[in-house]
Amino acid sequence: MTKKTICFTGGGSAGHVTPNIAIINELDHQEWNIKYIGSKKGIEKELITKINIPYHEISSGKLRRYVDFENVKDIFRVLRGCLEARKILKKMRPNLVFSKGGFVSVPVIVAARSLGIPIFIHESDMTPGLANKISQRFATKIFTSFEETEKFFPKNQTRAIGSPIRKEILNGSPEQGRRFLGFHHKLPVLTIMGGSLGAKKINEAVRESIHDLTSKYQIVHLCGKGNVDQSLIGLPGYKQFEYIHEELPDILAVTDTVLTRGGSNAIFEFLALKIPMLIIPLSKAQSRGDQILNAKSFEEKGYSLTLEEESLTKESLKQTLEKLEKNRAQFKETMAKSVQGQAIKLILEEIAKIK
Ligand SMILES: CC(=O)N[C@H]1[C@@H](OP(=O)(O)OP(=O)(O)OC[C@H]2O[C@@H](n3ccc(=O)[nH]c3=O)[C@H](O)[C@@H]2O)O[C@H](CO)[C@@H](O)[C@@H]1O
């Protein structure tokens, strides 16, 4: 049997990479040569190199929604990225390009289209990101995490399938988690995930309330690169990490409650694990507002509570966490009824159809 080749792309933040990893882990490596095209400096380089998938670099520029001189430079970077991606793809000759979005994916999609290579894209958020908005016109098939997102894409190419979740996330060991963290059984565990790149506002609010919080919980704080607070190292019941790799499943296995940004992949992972969550979405001032919509969708379905960043204070954080704890049984019950877990199976079925 001759092996087929699939080339993944996507990056900029972990949310544009971890779903690709989830699919890569489940693909038959005897049947598929698996490759990746990403940026030179993005987090995708570290995450993909770690799982030993051949990684090809291209130039990439940020796609900004506002006017900035950097835009001019970035237009040239994106154009250079298109040429580099075309050269790589021409040599690689993949049967399929699979994109998770993020700005590095656009040159890859444009190049793939110019070479007549089939393209699948996946959109994790409630509304399409700029990269997928551009890419959709070139895509053969489009998958979305949320049902509500289907309407933004061409009807006959699009299917809502949920979020491709890494299998290992669901198989953590509470004993190993507790051992790794040095936590006891006397207080519940609150995990704080400020998005894969960290969240300054959440970090500040948590640290302002740290003594109150550690009287009620043992805390794991995933605070983002460069955001560890040196003055709090060694505080009993408070563990800070810039980013967690293979220990994440074990940490989530001991987690009772999460305080999180509204990144789509993270909240779908917590849903799959049925962990009650308080979502503090990235504000409209800092984004297109997709996390606010993600959070709204989850809250309406009864999976979570939302606290808007503008209303985030020591007091509101305390009150909302108390409300979440009071109703935790109800949240867990509603999450248990949600139907998830089909995304990878459905994507693999579609990939298998590629000649
Ligand atoms: C600032 C920004 O643009 N954020 C976007 C980005 O978020 P971000 O990159 O934070 O993405 P998500 O929250 O969706 O996913 C983060 C992923 O990283 C993993 N993880 C995180 C921390 C850690 O220490 N270890 C670890 O493995 C999580 O388990 C998850 O799989 O992409 C998401 C998906 O398109 C969007 O919804 C977010 O709006």
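Every value quoted in this text rests on a predicted model; they were computed, and no experiment measured them. Whatever order the structure lists ligands and atoms in, that order sets their numbers, starting from 1. Quick note: numbers below take in every heavy atom, side chains included, and nothing from hydrogens, waters or symmetry partners.
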J.: So that I can tick it off, tell me whether Glu299 and Lys296 are bridged by a salt bridge, with the cut-off set at under 4.0 angstrom between side-chain N and carboxylate O.
T.: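 No, no charged N to carboxylate O under 4.0 Å.
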
J.: Tell me yes or no: between the side chains of Ser297 and Lys301, is some donor less than 3.5 Å from an acceptor?
T.: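 Yes, because at least one side-chain N or O of Ser297 sits under 3.5 Å from a partner of the opposite role on Lys301.
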
J.: Looking at Ser316 and Ser311, would you say the former's side chain and the latter's main chain have a donor-acceptor pair under 3.5 Å?
T.: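 Indeed, once roles are kept as given, a pair shorter than 3.5 Å links the two residues.
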
J.: Could an N or O of ligand 1 be found under 3.5 Å from any N or O of Met193, whether backbone or side chain?
T.: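 No: no nitrogen or oxygen of Met193 is under 3.5 Å from one in ligand 1.
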
J.: What part of His245, side chain from CB on, backbone N/CA/C/O, both or neither, has a heavy atom under 4.0 Å from ligand 1?
T.: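 No part of His245 comes within reach of ligand 1.
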
J.: For Gln286, check side-chain hydrogen bond (donor to acceptor under 3.5 Å, both in side chains) against everything at least two apart and list the hits.
T.: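 Per chain and number, Gln286 pairs via side-chain hydrogen bond (donor to acceptor under 3.5 Å, both in side chains) with Ser283.
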
J.: Show me which atoms of ligand 1 lie under 4.0 Å from any heavy atom of Leu248.
T.: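 Counting atoms of ligand 1 from 1, those under 4.0 Å from Leu248 are 26 (C), 27 (O), 29 (O).
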
J.: Taking the six-membered ring for Trp, is the centroid-to-centroid distance between Phe120 and His122 below 6.0 Å?
T.: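 Aromatic pair excluded; centres sit 6.0 Å or further apart.
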
J.: Is it true that Glu123 lies under 4.0 Å from ligand 1, counting heavy atoms only?
T.: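 Glu123 does not count as a contact of ligand 1 under the 4.0 Å cut-off.
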
J.: I'd like to know if the side chain of Thr9 reaches the main chain of Ile37, judged simply by a donor and an acceptor atom lying under 3.5 Å from each other, with no hydrogens or angles considered.
T.: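 Yes, the answer is positive, given that a donor and an acceptor are paired below the 3.5 Å cut-off.
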
J.: Suppose I only count heavy atoms of Arg166 and a 4.0 Å limit; which atoms of ligand 1 are within that range?
T.: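 Counting from 1, the qualifying ligand atoms are 19 (C), 27 (O), 28 (C), 29 (O), 31 (O).
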
J.: Looking only at protein heavy atoms, which one is nearest to atom 37 (O) of ligand 1, and what is the separation?
T.: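 The closest heavy atom on the protein side is Asp125 OD1, 2.4 Å.
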
J.: Mind checking whether Phe298 and Phe146 have parallel, tilted or perpendicular rings, split at 30° and 60°?
T.: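 The arrangement is perpendicular - the two ring planes meet at more than 60°.
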
J.: Name the closest protein heavy atom to atom 17 (C) of ligand 1, giving the residue it belongs to and the distance to 0.1 Å.
T.: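 Of the protein heavy atoms, Thr18 OG1, 3.7 Å lies nearest.
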
J.: Counting only heavy atoms closer than 4.0 Å, does ligand 1 sit against the backbone of Asn265, its side chain, both, or neither?
T.: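 The answer is both.
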
J.: Which residue supplies the protein heavy atom nearest to atom 4 (N) of ligand 1, what is that atom called, and how far is it?
T.: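 Ranked first by proximity to atom 4 (N) of ligand 1 is Gln291 NE2, 3.6 Å.
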
J.: Tell me: protein heavy atom nearest atom 27 (O) of ligand 1, and distance?
T.: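 Closest protein heavy atom to atom 27 (O) of ligand 1: Tyr243 OH, 3.1 Å.
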
J.: Looking only at protein heavy atoms, identify the closest one to atom 8 (P) of ligand 1 and say how far it is in Å.
T.: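 Checked against all protein heavy atoms, atom 8 (P) of ligand 1 sits closest to Ser196 OG, 3.5 Å.
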
J.: Using the benzene-type ring in the case of Trp, are the ring centres of Tyr303 and Phe331 under 6.0 Å apart?
T.: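 Aromatic pair excluded; centres sit 6.0 Å or further apart.
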
J.: Evaluate whether atom CZ of Arg328 has more than 12 neighbouring non-hydrogen atoms of other residues, nucleotides or ligands under 6.0 angstrom away.
T.: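 Counting other residues, nucleotides and ligands, CZ of Arg328 exceeds 12 neighbours.
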
J.: Tell me the protein heavy atom at minimum distance from atom 11 (O) of ligand 1, and give that distance in Å.
T.: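 Ranked first by proximity to atom 11 (O) of ligand 1 is Gly15 CA, 3.1 Å.
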
J.: Out of Thr191, Ile244, Asn132, whose heavy atom is nearest to atom 24 (O) of ligand 1?
T.: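 Going through Thr191, Ile244, Asn132 one by one, Ile244 has the nearest heavy atom to atom 24 (O) of ligand 1.
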
J.: Measure from the side-chain N and O atoms of Asn95 to the backbone N and O of Lys4, and report whether any donor-acceptor pair falls under 3.5 Å.
T.: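 Between the backbone of Lys4 and the side chain of Asn95 there is no qualifying donor-acceptor contact (under 3.5 Å).
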
J.: Could you tell me whether Asp290 approaches ligand 1 through its side chain, its backbone, both or neither, with non-hydrogen atoms closer than 4.0 Å?
T.: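 Contact part for Asp290 vs ligand 1: side chain (C-beta onward).
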
J.: Is there a protein heavy atom at a distance of less than 4.0 Å from atom 20 (N) of ligand 1?
T.: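 At least one protein heavy atom is under 4.0 Å away.
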
J.: What atoms of ligand 1 come closer than 4.0 angstrom to any heavy atom of Leu282?
T.: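 This gives 1 (C) as the contact atoms.
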
J.: Given Gly263, Pro281, Gly262, Ser13, which has its nearest heavy atom closest to atom 32 (O) of ligand 1?
T.: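 The residue whose heavy atom sits nearest atom 32 (O) of ligand 1 is Ser13.
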
J.: Do the non-hydrogen side-chain atoms of Gln340 and Phe268 ever get within less than 4.5 Å of each other?
T.: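 Heavy-atom side-chain distance check passes, below 4.5 Å.
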
J.: Atom 29 (O) of ligand 1: which protein heavy atom is closest, and how many Å away?
T.: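 Result for atom 29 (O) of ligand 1: Glu269 OE1, 2.6 Å.
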
J.: Tell me the protein heavy atom at minimum distance from atom 18 (O) of ligand 1, and give that distance in Å.
T.: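 The closest one turns out to be Ala14 CB, 3.4 Å.
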
J.: Answer yes or no: are there more than 12 heavy-atom neighbours, outside Lys332 itself, under 6.0 Å from its atom NZ?
T.: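 More than 12 heavy atoms, drawn from other residues, nucleotides or ligands, come within 6.0 Å of this atom.
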
J.: Look at Glu333 together with Lys274 and state whether they make a salt bridge at an N to O cut-off of under 4.0 Å.
T.: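 The answer is no: the pair does not qualify as a salt bridge.
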
J.: Using non-hydrogen atoms of the residue, decide whether Asn294 is closer than 4.0 angstrom to ligand 1.
T.: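 Contact check Asn294 vs ligand 1: positive.
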
J.: Short N/O distance, under 3.5 Å, between Leu222 and ligand 1?
T.: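 No, since none of the N or O atoms of Leu222 sits under 3.5 Å from an N or O of ligand 1.
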
J.: Does Tyr238 have its ring centroid less than 6.0 Å away from the ring centroid of Tyr217?
T.: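 Not under 6.0 Å, so no.
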
J.: Do any nitrogen or oxygen atoms of Lys100 lie less than 3.5 angstrom from nitrogen or oxygen atoms of ligand 1?
T.: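 No.
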
J.: What atoms in ligand 1 come closer than 4.0 Å to a heavy atom of Ala266?
T.: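 Those qualifying, in numeric order: 12 (P), 13 (O), 14 (O), 15 (O).
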
